[in-house]
Each structure stands twice: as structure tokens, then as C-alpha cells.
2 protein chains.
Amino acid sequence: MYRLSGGAILWQHHPGLPAATFLAMPAEPAPAARPVAAARRRRLRADRARQLADLLRHQILAGGVPGGVLPLEDVIAADYRASRNTVRQALDLLRGERIVERQPGVGTVVVCEKYPHGLDRLQGLAETLREHGRVTNEVRTVGPVSAPGPVAHRLGLPEHADVLCVERLRRLDGLPLSLDLSYLPMDIGGELLGCDLENTDVFRLLEQLTGGPLGHAEITLEAVNADAHSAAVLQAPRGAAVLMLERLTRLPDGRPVDLEFIRFRGDRITMSGVLHRSL
Amino acid sequence: MYRLSGGAILWQHHPGLPAATFLAMPAEPAPAARPVAAARRRRLRADRARQLADLLRHQILAGGVPGGVLPLEDVIAADYRASRNTVRQALDLLRGERIVERQPGVGTVVVCEKYPHGLDRLQGLAETLREHGRVTNEVRTVGPVSAPGPVAHRLGLPEHADVLCVERLRRLDGLPLSLDLSYLPMDIGGELLGCDLENTDVFRLLEQLTGGPLGHAEITLEAVNADAHSAAVLQAPRGAAVLMLERLTRLPDGRPVDLEFIRFRGDRITMSGVLHRSL
């Protein structure tokens with residue numbers, strides 16, 4: 001065992017030794033192996049807890065907790081070959097993320113359900129969550145506005161041209177999922193004013209209006225902390241992590257038709273897809 | 001003008017009227033148009049500030065602020081046809097996200113640079129950020145561990161089989177970007193122990209070891225708040241929004257070789273790609 005320059009421990013691989021020679025959770029030093037600084041021990045403990053929390057988070061979100069109640073700490077400790085302290089700390093992290101809660105007399109229960117939004121195809125929210133429930137939209141703002149420079153530019157319009165601005169709070173079976181702001185060119189967007197925006201994806205409406213499928217979209221994803229107002233609208237705590245999607249959708253001929261800024265509640269949405277090494 | 005059931009204002013589109021009849025920023029009521037509750041006015045002001053902040057954020061991150069100093073509030077107000085109060089509130093939001101700072105005698109300056117991570121192809125960090133600087137990796141943990149059930153399952157290994165666990169803090173030109181935890185099957189992972197993990201993407205090393213390109217990866221993206229320990233490692237504030245990437249990478253024959261849990265600092269990384277409507 002020796003240290004790398006960054007201070008990490010390297011366990012050399014000894015192919016002749018059985019697995020049990022190595023340690024169950026990464027970076028777990030053998031008891032009293034050698035004196036280490038208290039700060040270093042704390043760091044290793046925190047690392048192990050986070051690493052275990054990542055595994056438990058995946059198991060929970062993948063539906064791998066039957067009945068929604070986690071096993072007892074002892075059982076988790078045995079399954080993951082971790083100490084009870086590590087398990088307790090890992091569960092604290094998941095509680096902090098509002099993924100689990102401790103319920104007296106029941107144990108640690110899963111309280112968060114995350115819904116998978118596809119990243120492989122351009123899809124509206126109702127479409128991508130079809131199997132998970134019914135999407136409804138509270139239309140908070142809708143109407144023409146004079147496009148600020150950057151909006152006009154991205155939509156390929158002259159500055160201060162009219163665009164339709166639509167803001168919707170979107171819910172799945174009544175649960176707030178996202179706050180979406182869209183800007184659309186007025187010639188197409190104006191037609192949306194008579195449509196059922198409360199129950200229909202804008203993508204579907206656009207395809208009905210243009211008579212064919214949409215083309216493609218350039219997207220950017222970021223993680224941001226919710227400002228107080230967005231948090232209140234989304235019924236999330238202030239500062240809650242939000243998955244922010246900026247999406248510019250185009251018709252098959254390349255013409256931009258929908259510039260969106262979407263804030264997804266981080267505790268309710270994941271984005272999943274497949275990436276290939278070669279294009 | 002009438003209200004939708006959700007309380008939103010709808011401006012009917014009057015094709016005969018010039019754009020100036022409509023309002024520059026969405027949902028800006030004409031002064032004293034009618035008595036509205038104070039709470040409703042606050043909500044509209046907050047909406048406008050957030051909508052403007054989204055536009056400014058995009059402009060800043062797209063490099064649209066020459067010299068890194070924003071125009072005076074009056075100029076922004078004129079450009080975006082917003083009130084000075086709205087501009088001030090929008091800049092407050094961006095300051096809260098640590099995107100801009102107010103510097104006495106200089107003005108509002110851009111203090112955050114976000115780097116674009118490709119979402120179209122399976123790429124390592126050094127590869128995808130090649131044009132932006134040099135990626136170095138502080139190896140915090142490396143060594144064989146007994147794979148917990150879910151890790152073994154996803155890597156297609158028997159439970160408690162040995163896997164290589166590698167944790168790296170990754171920096172771009174010295175700036176912490178991400179904390180990456182990888183689990184690799186020991187037959188391939190073991191070979192990494194002799195490699196230059198501090199300066200080379202694991203993807204590149206895997207391709208050198210296997211003699212050919214990787215295949216594809218299943219990915220999941222989430223926004224989470226950083227726990228205290230991850231935040232400290234990433235040198236970010238506690239609770240900072242983190243873009244969490246889980247990625248299972250496979251060889252061209254489908255065999256899983258690398259299960260990763262990656263925390264990207266939300267204020268330094270965006271993920272960008274193109275989605276198509278038809279597959």
C-alpha cells in the first residue's frame with residue numbers, strides 16, 4: 001500500500017490473494033492499520049458514506065426497494081459490507097436529498113419518485129411520461145410580446161418582432177414537475193391561442209398545426225439552485241436543485257419554432273439516454 | 001384580455017395592431033390597468049425577473065458579453081424593454097447563482113465560466129473539453145473492492161466479485177469540475193493500476209487496453225444538492241446544485257466495463273446535444 005501524490009491510498013492488486021483480503025467498501029482502512037490524522041479518517045468515512053449513498057440511490061430509483069421500505073441498517077451493512085456507521089451516514093445523505101424518510105415504527109421509507117424523461121428522442125412531457133400518469137398544464141402567462149434581441153436572434157426573427165410567450169406549470173397527476181417558458185414565432189404561435197394548452201403538449205399542437213412531425217432540437221442541460229420564486233411555484237424548498245433544460249426546436253426544414261427554458265424539479269425528474277462512442 | 005382558469009392573463013392577438021401595443025416583457029400589466037392584489041403584482045414582478053434572468057443567463061453563457069462586463073442597467077432595460085426594477089431583480093438572481101458579481105467602480109461582471117460537455121457522443125472529460133484546457137485527475141481512491149450486489153449485477157459479475165474502484169477529483173486547468181467514482185471489472189480494471197490515471201481519461205486507457213473503441217453507454221442525468229462533504233471536495237458551497245451523471249459504459253460486444261457516478265459542479269458544466277424527433 002502506498003500513497004499517490006494526491007494523498008490517495010493505492011491498494012496494489014495481488015492476483016494470488018482472495019477477494020476477502022481486500023476491503024468491502026473503497027478506502028476503508030484496516031482497524032488501527034496505522035495512525036492517521038483525525039481529519040483524514042473523517043474524510044474517508046465521508047467518502048464511504050457518499051459512495052454507499054450513490055449505490056442506494058440507484059437501487060431506490062431503479063425500483064429495487066420492494067414495498068418502499070428499506071431493509072434494517074444491519075442488513076444493508078451486511079449486503080454492502082459496510083459498517084453500521086457508514087450505513088447511517090449514507091441514509092442521512094439520502095434523507096437530506098428527500099429521497100427517504102425515517103418513519104417511527106416503520107423504518108426508512110422511500111418518499112421520492114423520480115420519473116424518467118427520455119434523452120434519446122425529441123419528446124414532449126406528456127408523451128415521455130405517458131406510462132407514468134396524466135400531465136396537466138397550468139397556463140400562467142400566454143400572449144404576444146416583443147422579442148428581446150437574443151430571443152429574436154435564436155428564432156431567426158427581426159429584433160422586437162412579435163413572439164408568443166407561454167409559461168406553464170406542468171404537473172403529473174397533480175404533482176408539480178416543471179416550469180416551462182416558451183417563445184414561438186407569432187405566425188405559428190398565434191395559432192396556439194385557440195388550442196387546449198392545459199391538456200396538450202405544445203409539440204403535439206405544433207405538429208397538428210404544421211401538418212407534419214417536428215425536426216430536431218438543440219438542447220442544453222444544467223443543474224441550478226432554484227431561486228425563491230421558482231421554488232415557490234414548483235412547491236420545492238428554496239435553493240432546491242433544479243434540472244434546467246434550454247431547448248430550441250426546429251421544423252424539418254430547419255426553421256426554429258420553439259425556444260424553451262424549462263426548470264424540472266431535481267427530485268422528480270431524471271433524464272436517460274444512450275450515448276455511442278462512434279457517430 | 002381575460003383570465004384562464006389558472007389565473008393567467010391572456011392577451012388576445014389582434015393582427016391589425018402594431019407590436020408596440022403588446023408588452024415588452026411577458027405579463028407586464030399596463031400601469032393601473034385595474035386593481036390587482038399585491039400578492040399577484042409581486043408574483044408578476046418575480047416572473048418577469050426570472051424570465052429576464054433566463055435570457056441574460058443564456059447570453060452570458062453563450063459568450064455574448066464582450067469583455068465580461070454587463071451593460072448598465074438602463075441599457076439592459078432598454079434592450080429587453082423591461083423596467084429597471086426588473087433588471088435589478090434579474091441581476092440579483094444571477095448573482096445568487098454566482099454567474100455575475102457587482103464590482104464597485106466596474107459594474108456587473110461575469111464571474112462564472114461554464115464548459116460544454118457533449119451529449120451527442122460518448123466521450124471522456126479531457127476529450128470533450130480539449131479546446132478549453134488541460135484536465136488533470138487527483139486520484140483519491142484506487143483499489144479492488146468486493147462488489148456490492150447492485151454493482152456486480154450491473155457489471156454482469158457474480159455478487160462480491162472483485163472490482164476496481166477508482167475515485168478521482170477532476171480539474172480543468174486546476175479548477176475542480178467533477179468528482180468521479182468508477183467501478184470496473186477486475187480483469188480489465190486491474191490493468192489500470194499501472195496506468196497514468198492522473199493525466200489520462202479512463203476511456204482512453206480502456207481503449208488502449210482492449211485495442212479498440214468502446215461501444216455505447218446508458219446514462220442518467222439528475223440535478224441534486226451537494227451534501228456537505230461532496231461540496232467541500234468540489235470546493236463549492238454546501239447545497240450547491242450538482243449535475244449528477246450515472247453512466248454504464250460497454251464494449252462493442254455489449255459487455256459492461258465501467259460503472260460511474262459523476263458529480264459535476266452545476267456552475268461549471270453544461271451538457272449540450274441534439275435530439276431528433278424521429279429515431
Side-chain angles (χ1 to χ4, degrees), chain A residues 4 6 8 10-11 13 19 22 24 26-27 46 50-51 54-55 59 79-81 93 97 121-122 138-146 148-150 162 165 181 190 193 213-214 216-225 227 229 239 241-243 261 266 270-277 279, chain B residues 4 6 8 10-11 13 19 22 24 26-27 46 50-51 54-55 59 79-81 93 97 121-122 138-146 148 150 162 165 181 190 193 213-214 216-225 227 229-230 239 241-243 261 266 270-277 279:
Chain A
L4 296 181
L10 174 72
W11 282 284
H13 184 52
F22 303 112
R50 180 169 35 74
Q51 289 155 3
D54 283 348
L55 297 175
Q59 201 177 347
D79 279 359
Y80 285 90
R81 300 203 183 170
L93 291 176
E97 287 183 40
R121 247 193 84 192
L122 179 58
E138 178 187 323
V139 180
R140 305 181 79 244
T141 305
V142 59
V145 301
S146 160
D162 254 11
C165 171
L181 182 67
L193 286 172
L214 295 166
H216 68 275
E218 292 122 48
I219 66 161
T220 300
L221 278 167
E222 298 171 64
V224 302
N225 292 98
D227 59 277
H229 177 63
V242 159
L243 197 57
F261 299 90
T270 67
M271 299 258 168
S272 296
V274 171
L275 300 185
H276 292 268
R277 182 66 170 159
L279 286 181
Chain B
L4 295 181
L10 173 73
W11 281 286
H13 184 52
F22 303 111
R50 181 169 34 74
Q51 289 155 2
D54 283 348
L55 297 174
Q59 199 178 349
D79 279 359
Y80 285 89
R81 300 203 185 170
L93 291 175
E97 288 183 42
R121 247 192 83 193
L122 180 58
E138 178 187 322
V139 180
R140 305 181 79 245
T141 306
V142 58
V145 301
S146 161
D162 254 13
C165 172
L181 182 66
L193 287 172
L214 294 166
H216 68 274
E218 291 122 48
I219 66 161
T220 300
L221 278 167
E222 298 169 65
V224 301
N225 291 97
D227 59 276
H229 178 64
S230 303
V242 159
L243 196 57
F261 298 90
T270 67
M271 300 258 167
S272 296
V274 172
L275 300 185
H276 292 268
R277 183 66 171 159
L279 285 180

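Lettering follows sequence order; numbering is per chain, from 1.
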Open item on the list: Quick check on Gln59(B) against chain A: is it the side chain, the backbone, both or neither that has a heavy atom closer than 4.5 Å?
Closed with: side chain
Task: Any residue meeting side chain to side chain donor-acceptor pair (under 3.5 Å) with Thr270(A), in chain and number order, not counting sequence neighbours - done: none
Task: Side chain / backbone / both / neither for Val224(A) at chain B, heavy atoms under 4.5 Å - done: both
Task: Those residues that, when tested against Asp227(A), pass salt bridge (charged side-chain N to carboxylate O under 4.0 Å, His left out) (two or more places apart) - done: none
TODO: Could you tell me which non-hydrogen atom of Ala223(A) sits nearest to which non-hydrogen atom of Leu243(B), and how far apart they are?
DONE: CB-N, 3.6 Å
Open item on the list: Please report the interatomic distance CG(Leu181(A)) to CG(Leu55(B)), rounded to the nearest 0.5 Å.
Closed with: 7.5 Å
TODO: Against chain A, label Ile219(B) side chain, backbone, both or neither, depending on which of its atoms sit under 4.5 Å from a heavy atom there.
DONE: both
TODO: Heavy atoms only, distances under 4.5 angstrom: which of Asn225(A), Val242(A), Val274(A) has the most pairs with chain B? Name it, please.
DONE: Asn225(A)
Open item on the list: Between Glu97(B) and chain A, with a heavy-atom cut-off of 4.5 Å, which part of the residue counts as in contact: side chain, backbone, both or neither?
Closed with: side chain
Task: Donor-acceptor pair, side chain of Arg121(A) and main chain of Arg277(B), under 3.5 angstrom - done: yes
- [ ] Sort Asp54(A) into side chain, backbone, both or neither according to what part of it lies under 4.5 angstrom from a heavy atom of chain B.
- [x] both
- [ ] State whether the side chain of Asp79(B) and the backbone N or O of Gly149(A) hold a donor-acceptor pair below 3.5 Å, judged by distance alone.
- [x] no
Open item on the list: Heavy-atom pairs under 4.5 Å with chain B: which of His229(A), Glu218(A), Met271(A) has the most?
Closed with: His229(A)
Task: Leading residue by heavy atom contact count with chain B [cutoff under 4.5 Å; candidates Ser272(A), Pro150(A), Gly239(A), Ala217(A)] - done: Ala217(A)
